[in-house]
A.B. asks: 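Take a look at the following structure, please.
All values derive from a computational prediction rather than experimental measurement. All residue numbers refer to positions in the sequence shown, counting from 1. Order of listing sets the numbers, starting from 1, for every ligand and every atom in it.
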Amino acid sequence: MRSLSLLDTTLREGEQFIKTFFTLEQRLTIARLLDALGVPFIEVPSPVSSPETRDSIQAICALDLRSHIVAHVRCVEADVEAALETSVYGLNLFFGTSSELRTYSHGKQIEQIKASAVPLIRRIREAGRYVRFSAEDAFRSDLVDLLTIFDAVVEAGVERIGLPDTVGIATPRQVEQMVRLISDRYPGVGIEFHGHNDTGCAIANTIAAFEGGADCLDVTIMGIGERNGIASLSGMIAQLYIHYPELLIGYDLTQLVSLDHYVAESLDIGIPYNMPITAPSAFTHRAGVHTKAVLHNPNAYEILNPGDFGLARHVDIGSRFTGRYAVGHRVSELGLQLSSEGIQRLTSALKARAEQGSLTDTEVDLFIHTWCQEKGNLVWER
Ligand code: HCA
Ligand code: CU
């Protein structure tokens with residue numbers, strides 16, 4: 001079986017999201033919840049960011065979690081030394097390699113990048129810590145430049161190479177090809193992928209990276225990050241659950257909902273309506289054709305079992321698209337009995353009422369009771 005580590009960077013990339021401001025207590029709770037879920041790596045910012053950040057990193061390390069804590073650090077000696085002074089498991093080094101970042105961000109040439117990274121990698125390895133080197137903006141970088149740098153950092157002893165799609169420009173096919181090329185060239189070295197969501201491909205690109213040979217995939221809770229973020233933890237869990245369930249052995253999937261809720265509340269936002277697994281309506285069925293089939297067998301329209309995540313399925317019958325089968329089902333759940341003609345008439349009445357706006361479950365039940373009490377409608381009441 002192939003090994004795969006999810007790396008959650010909510011406490012680093014996620015803190016770069018415009019709505020994020022986590023207190024120390026919130027950072028600690030998020031780290032604990034990620035650990036309880038079973039995420040192998042938790043990324044934190046560079047300790048040089050601020051004294052408060054440094055203290056938070058130490059407090060997270062002091063939790064003594066099973067998850068490895070890794071700091072995201074520039075290839076700058078002082079930054080590396082500051083990170084080595086903390087108790088982090090390892091350092092995630094990064095350096096912009098595209099001509100865009102070399103020109104407008106740090107102004108360094110490829111040779112200078114190599115010259116900065118190599119001694120720092122050696123230093124980190126000598127200190128006995130884990131080290132990864134990431135080529136920021138890899139998917140707009142020249143391939144020869146990338147290979148020149150990777151040859152050097154692999155030689156210096158990096159345990160993983162990071163291939164971030166920093167601007168979210170890549171397609172799944174490009175990601176798979178690039179990851180395959182790098183993993184074929186450096187057998188024995190891990191590959192990490194980090195996919196931004198600028199064109200909505202983050203989850204697809206991240207699973208493509210795994211299929212190309214990556215062994216570490218970056219996510220954040222609800223996908224929060226710079227701009228519109230990166231691949232979401234729930235999205236990747238959903239992908240793995242369906243396509244590679246053996247890789248989720250050891251995860252406590254019931255923690256996912258608490259995590260998304262906790263972060264959504266901390267940010268004062270709702271969980272996005274389209275979030276895999278944890279969206280409020282992720283397991284709600286509405287149209288008559290769907291509700292009938294799902295009531296017969298949930299597999300008809302569900303690929304994820306809500307029970308595995310501590311969630312429940314919901315059949316919505318208060319819409320203009322409601323169907324007779326689901327309405328009849330609700331009638332019997334309420335302990336009432338109607339003839340099939342009665343169900344048909346009740347459904348038509350409910351549909352007509354829903355044309356003025358959808359009804360909540362409570363409103364539907366009230367509507368059914370009232371309709372049934374009308375003379376002649378009810379066949380039998382338990
Ligand atoms: C950043 C950029 C980064 C780094 C990813 C990595 C990106 O915000 O510093 O280190 O692999 O998207 O390139 O998040
Ligand atoms: Cu990023």
Side-chain angles (χ1 to χ4, degrees), residues 5-18 20 41-50 53 68-76 79-80 83 88-102 104-106 108 113 116-117 120-121 124 130-141 145-146 149-150 153 158-170 174-175 178-179 182-183 189-203 205-206 209-210 214-233 235-236:
S5 296
L6 288 183
L7 175 146
D8 185 279
T9 178
T10 301
L11 298 176
R12 196 282 295 172
E13 175 80 51
E15 293 224 14
Q16 295 172 220
F17 175 51
I18 187 81
T20 309
F41 284 93
I42 296 175
E43 189 175 67
V44 294
S46 180
V48 296
S49 310
S50 69
T53 302
H68 293 316
I69 311 301
V70 287
H72 192 249
V73 177
R74 290 182 303 178
C75 286
V76 170
D79 297 19
V80 167
V88 294
Y89 171 80
L91 277 69
N92 274 356
L93 298 178
F94 66 101
F95 220 132
T97 49
S98 64
S99 74
E100 287 82 353
L101 294 190
R102 285 192 286 112
Y104 303 114
S105 175
H106 53 72
K108 302 264 183 352
I113 297 175
S116 312
L120 295 175
I121 291 164
I124 299 165
Y130 163 87
V131 60
R132 177 217 74 180
F133 176 90
S134 209
E136 190 185 357
D137 206 7
F139 290 82
R140 285 193 302 177
S141 300
D145 288 349
L146 281 181
I149 293 172
F150 291 159
V153 298
V158 276
E159 285 154 282
R160 271 205 181 91
I161 289 171
L163 288 172
D165 180 19
T166 305
V167 295
I169 198 174
Q174 286 171 333
V175 171
M178 168 82 96
V179 172
I182 301 298
S183 69
V189 178
I191 310 279
E192 177 173 334
F193 179 78
H194 173 106
H196 274 267
N197 203 32
D198 298 70
T199 72
C201 278
I203 292 172
N205 283 348
T206 306
F210 175 69
D215 71 337
C216 181
L217 304 174
D218 289 13
V219 294
T220 59
I221 297 163
M222 298 185 297
I224 58 171
E226 285 280 349
R227 308 186 302 282
N228 71 337
I230 68 166
S232 62
L233 174 61
M236 288 317 299

A.B. asks: To check you understand the geometry: which heavy-atom pair defines the closest contact between G96 and H106, and what is its length?
C.D. replies: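 The answer is O-NE2, 2.7 Å.
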A.B. asks: Using a 4.0 Å heavy-atom cut-off, say whether Q16 meets ligand 1 through its side chain, its backbone, both or neither.
C.D. replies: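 Within the 4.0 Å criterion, Q16 contacts ligand 1 through side-chain atoms alone.
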A.B. asks: Run the numbers on I121 and L93 for side-chain contact (heavy atoms from CB on, under 4.5 Å), then give the verdict.
C.D. replies: CA-CA 9 Å; I121 291 164; L93 298 178; 3.8 Å; yes
A.B. asks: Please state the angle at the Cu ion (ligand 2) spanned by NE2 of H196 and NE2 of H194: what is it, rounded to 10 degrees?
C.D. replies: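 Roughly 100°, rounded to 10°.
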A.B. asks: What do you reckon, is CZ of R140 surrounded by more than 12 foreign heavy atoms closer than 6.0 Å?
C.D. replies: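 Result for CZ/R140: enclosed.
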A.B. asks: Can you report which non-hydrogen protein atom sits closest to atom 7 (C) of ligand 1, along with the distance?
C.D. replies: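 It is T166 OG1, 3.5 Å.
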A.B. asks: What about H72: any of its N or O atoms under 3.5 Å from an N or O on ligand 1?
C.D. replies: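 Right, the criterion is met.
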A.B. asks: Below 4.0 angstrom from a heavy atom of F94, which ligand 1 atoms are there? Numbered from 1 as shown, please.
C.D. replies: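 The atoms of ligand 1 under 4.0 Å from a heavy atom of F94 are 9 (O), 10 (O).
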A.B. asks: R132 to ligand 1: N or O pair under 3.5 Å?
C.D. replies: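 Yes.
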A.B. asks: Verify whether one side chain among T10 and T220 offers a donor that lies under 3.5 Å from an acceptor in the other.
C.D. replies: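 No - no donor-acceptor pair under 3.5 Å links their side chains.
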A.B. asks: Taking atom types as modelled, find out whether S50 and T53 have a side-chain donor-acceptor pair closer than 3.5 angstrom.
C.D. replies: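 A pair is found: one side chain offers a donor N or O, the other an acceptor, under 3.5 Å apart.
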A.B. asks: Any idea which part of R12 is under 4.0 Å from ligand 1, heavy-atom wise: side chain, backbone, both or neither?
C.D. replies: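 For R12, the contact with ligand 1 is made by the side chain alone.
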A.B. asks: How is the N/O/S atom of E13 that comes nearest to the Cu ion (ligand 2) named?
C.D. replies: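 The Cu ion (ligand 2) is closest to the E13 atom OE1, counting only N, O or S.
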A.B. asks: Determine whether T97 and S141 satisfy the following criterion, side chain to side chain donor-acceptor pair (under 3.5 Å), listing intermediate values before the conclusion.
C.D. replies: CA-CA 6 Å; T97 49; S141 300; 2.7 Å; yes
A.B. asks: Charged N to carboxylate O under 4.0 angstrom, R160 versus E192?
C.D. replies: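 No, R160 and E192 are not salt-bridged.
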A.B. asks: Starting from atom 2 (C) of ligand 1, locate the nearest protein heavy atom and write down its residue, its atom name and how far away it is, to 0.1 Å.
C.D. replies: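 Result for atom 2 (C) of ligand 1: E136 OE2, 3.5 Å.
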A.B. asks: Tell me: protein heavy atom nearest atom 11 (O) of ligand 1, and distance?
C.D. replies: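 Here the closest protein heavy atom is S134 OG, 2.6 Å.
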A.B. asks: Hey, can you tell me if H68 and Y89 have their rings parallel, tilted or perpendicular (30° and 60° cut-offs)?
C.D. replies: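 Answer is parallel, since the angle falls under 30°.
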A.B. asks: Show the atoms of ligand 1 that are less than 4.0 angstrom away from any heavy atom in H196.
C.D. replies: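 In order of numbering, the contacting atoms are 12 (O).
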A.B. asks: Is the shortest N/O to N/O distance between D218 and ligand 1 below 3.5 Å?
C.D. replies: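 The answer is no, given that D218 and ligand 1 share no N or O pair closer than 3.5 Å.
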A.B. asks: With no hydrogens and no angle check, just 3.5 Å: does a side-chain donor-acceptor pair link E13 and H72?
C.D. replies: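 Short answer, no.
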A.B. asks: Examine D218 and say whether one of its N/O/S atoms is closer to the Cu ion (ligand 2) than 2.8 Å.
C.D. replies: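 It does not; every qualifying atom lies at 2.8 Å or beyond.
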A.B. asks: Go through the steps to decide whether D137 and T166 satisfy the test side chain to side chain donor-acceptor pair (under 3.5 Å), and finish with yes or no.
C.D. replies: CA-CA 5 Å; D137 206 7; T166 305; 4.7 Å; no
A.B. asks: Between E13 and ligand 1, which residue portion shows a heavy-atom distance shorter than 4.0 Å: side chain, backbone, both, or neither?
C.D. replies: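 Side chain only; the backbone of E13 stays clear of ligand 1.
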A.B. asks: Any N or O of H194 that comes nearer than 3.5 Å to an N or O of ligand 1?
C.D. replies: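 Between H194 and ligand 1, an N or O pair is found under 3.5 Å apart.
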